[in-house]
Amino acid sequence: MENFKVAAMDFVRFARFQRVQGDVGKHMLLYLLMGLAITLLVGIGRRWDHPESYWLLRTGLGSLIYVFGMSAFIYAVVAPLRPKNWRYLSVLLMVTMTALPALLYAIPVERFMPAVLAAELNVLALIVVATWRMALYRHFLERVGGLSGLALWVALLLPATLIVCLLSLIGLMERIASSMGGVDEIQRAVVGEYLMLIVGGAAWIAIVPLLGLYGFAIFRAWRTKNTPQR
């Protein structure tokens, strides 16, 4: 029971950018199960007030599938930069631990305000939560991965930029973001206007220089690794 309390408080500490106090390596299974449970609740909370949604979204199973896929993607993209303590389970735990701020999505603003205003608040919540989670990801890269400088910023920005470019290319960015923010079909036009013009455009502008910096950071990381110590 004591381990459960420490783990639960560690999720709160991580969300507040504080150092965890429990033995994560020893109790990895407990932390992962807790993180997956929170992810499931967040997934349910996003769509609980939209009964017309697909059953996969309403049950939260889509969120569980998402965290496993996202963790694998982040692990693969960042691994060539040679961060410390870089294991798939650690990345998976980090992704699930960033789910806690997303509980904001469960607030049913559509129930007590006009649809347009509710859509704008949902977009604002999406921006706040996404920024918060990216900041937590940076915290993880710095504290656990030991990255700094160029490698840190490339590892932080490149995965998100690649995902946004891919989703916008195949026309799914608007739908995915709407699902993440719990936005319904009527409100989706507002979300699309924000995302396509701002986020999508910025991602396409940044992708080429980021890939160039990524290649340089990989070269520097491997050169440093293979340089004999004097």
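- Counting only distance, with no hydrogens or angles, the side chain of Arg133 and the backbone of Thr98 share a donor-acceptor pair below 3.5 Å.
- In this structure, Pro159 and Val77 approach most closely via the heavy-atom pair CG-CG1, 4.0 Å.
- Note that CG of Leu89 and CE of Met94 are 12.5 Å apart. Values are rounded to the nearest 0.5 Å.
- Tyr214 and Phe219 fall into different hydrophobic clusters, where Ile, Leu, Val, Met, Phe, Trp and Tyr are joined by side-chain heavy atoms under 4.5 Å apart, directly or via other members.
- Using bins of under 30°, 30° to 60° and over 60° for the plane-to-plane angle, the ring pair Trp86/Tyr75 lands in the parallel bin.
- Under the 4.5 Å side-chain heavy-atom criterion for Ile, Leu, Val, Met, Phe, Trp and Tyr, Leu33 and Phe14 are members of distinct hydrophobic clusters.
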Discussion item. As a quick check of understanding, evaluate side chain to side chain contact (heavy atoms under 4.5 Å, CB included) for Leu156 and Met134, giving each step before the final call.
Written reply: CA-CA 8 Å; Leu156 175 68; Met134 285 293 288; 3.7 Å; yes
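- The side-chain heavy atoms of Phe216 and Leu211, taken from C-beta on, include no pair separated by under 4.5 Å.
- Across Gln18 and His139, no two heavy atoms sit closer than the pair O-NE2, 4.2 Å.
- Side chains of Leu100 and Leu103 form a contact here, defined as non-hydrogen atoms less than 4.5 Å apart.
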Discussion item. Is there a side chain to side chain contact (heavy atoms under 4.5 Å, CB included) between Tyr66 and Thr39? Walk through the geometry before answering.
Written reply: CA-CA 10 Å; Tyr66 159 81; Thr39 300; 5.9 Å; no
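- Across Ser71 and Leu92, no two heavy atoms sit closer than the pair OG-CA, 3.2 Å.
- Although no hydrogens or angles enter the test, the distance criterion places no donor-acceptor pair under 3.5 Å between the side chain of Trp222 and the main chain of Arg82.
- Annotation: side chain of Leu167 is not in contact with side chain of Val164 (no heavy-atom distance under 4.5 Å).
- Side-chain atoms of Tyr137 come within 3.5 Å of backbone atoms of Ala155 as a donor-acceptor pair (strictly under, hydrogens ignored).
- The backbone N or O of Gln21 lies less than 3.5 Å from a partner atom in the side chain of Asp10, making a donor-acceptor pair.
- Within the structure, the side chain to side chain donor-acceptor pair (under 3.5 Å) test picks out the following pairs touching residues 141-166 (sequence neighbours left out): Arg138-Glu142.
- Nearest approach of Ala221 to Pro80, heavy atoms of both residues: CB-O, 4.4 Å.
- For Ala7, the side chain to side chain contact (heavy atoms under 4.5 Å, CB included) partners at least two apart in sequence or on another chain are Leu30, Tyr31, Met34.
- Atom CD1 of Ile38 sits about 8.0 Å away from atom CE of Met97, to the nearest 0.5 Å.
- For CZ of Phe4, the number of neighbouring non-hydrogen atoms (other residues, nucleotides, ligands) closer than 6.0 Å is 12 at most.
- At a threshold of 4.5 Å between side-chain heavy atoms, the hydrophobic network of Ile, Leu, Val, Met, Phe, Trp and Tyr places Leu93 and Leu29 in two separate groups.
- Of the inter-residue distances, the one linking Leu136 atom CG with Leu141 atom CG reads 11.0 Å to the nearest 0.5 angstrom.
- Of the possible polar contacts, one joining the Trp132 side chain to the Ala15 backbone as a donor-acceptor pair under 3.5 Å is found.
- Hydrophobic cluster membership differs between Met9 and Val20, with clusters built from Ile, Leu, Val, Met, Phe, Trp and Tyr side chains linked at under 4.5 angstrom.
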Discussion item. Please evaluate residues Phe73 and Val78 with respect to the criterion side chain to side chain contact (heavy atoms under 4.5 Å, CB included), reporting the C-alpha separation (whole Å), side-chain torsions for both, the decisive distance (0.1 Å), and the verdict.
Written reply: CA-CA 9 Å; Phe73 178 72; Val78 178; over 6 Å; no
Discussion item. Pair Leu210, Leu162 - check side chain to side chain contact (heavy atoms under 4.5 Å, CB included), show working.
Written reply: CA-CA 10 Å; Leu210 268 178; Leu162 287 171; over 6 Å; no
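- Shown here for Ala151 and Leu81, the closest heavy-atom pair between the two residues is O-CD1, 3.8 Å.
- A single hydrophobic cluster is seen to contain both Val208 and Trp204, as judged by linkage of ILVMFWY side chains at heavy-atom distances under 4.5 Å, directly or through other members.
- Across every non-hydrogen atom of Arg13 and Arg19, the tightest pair is CD-O, 3.7 Å.
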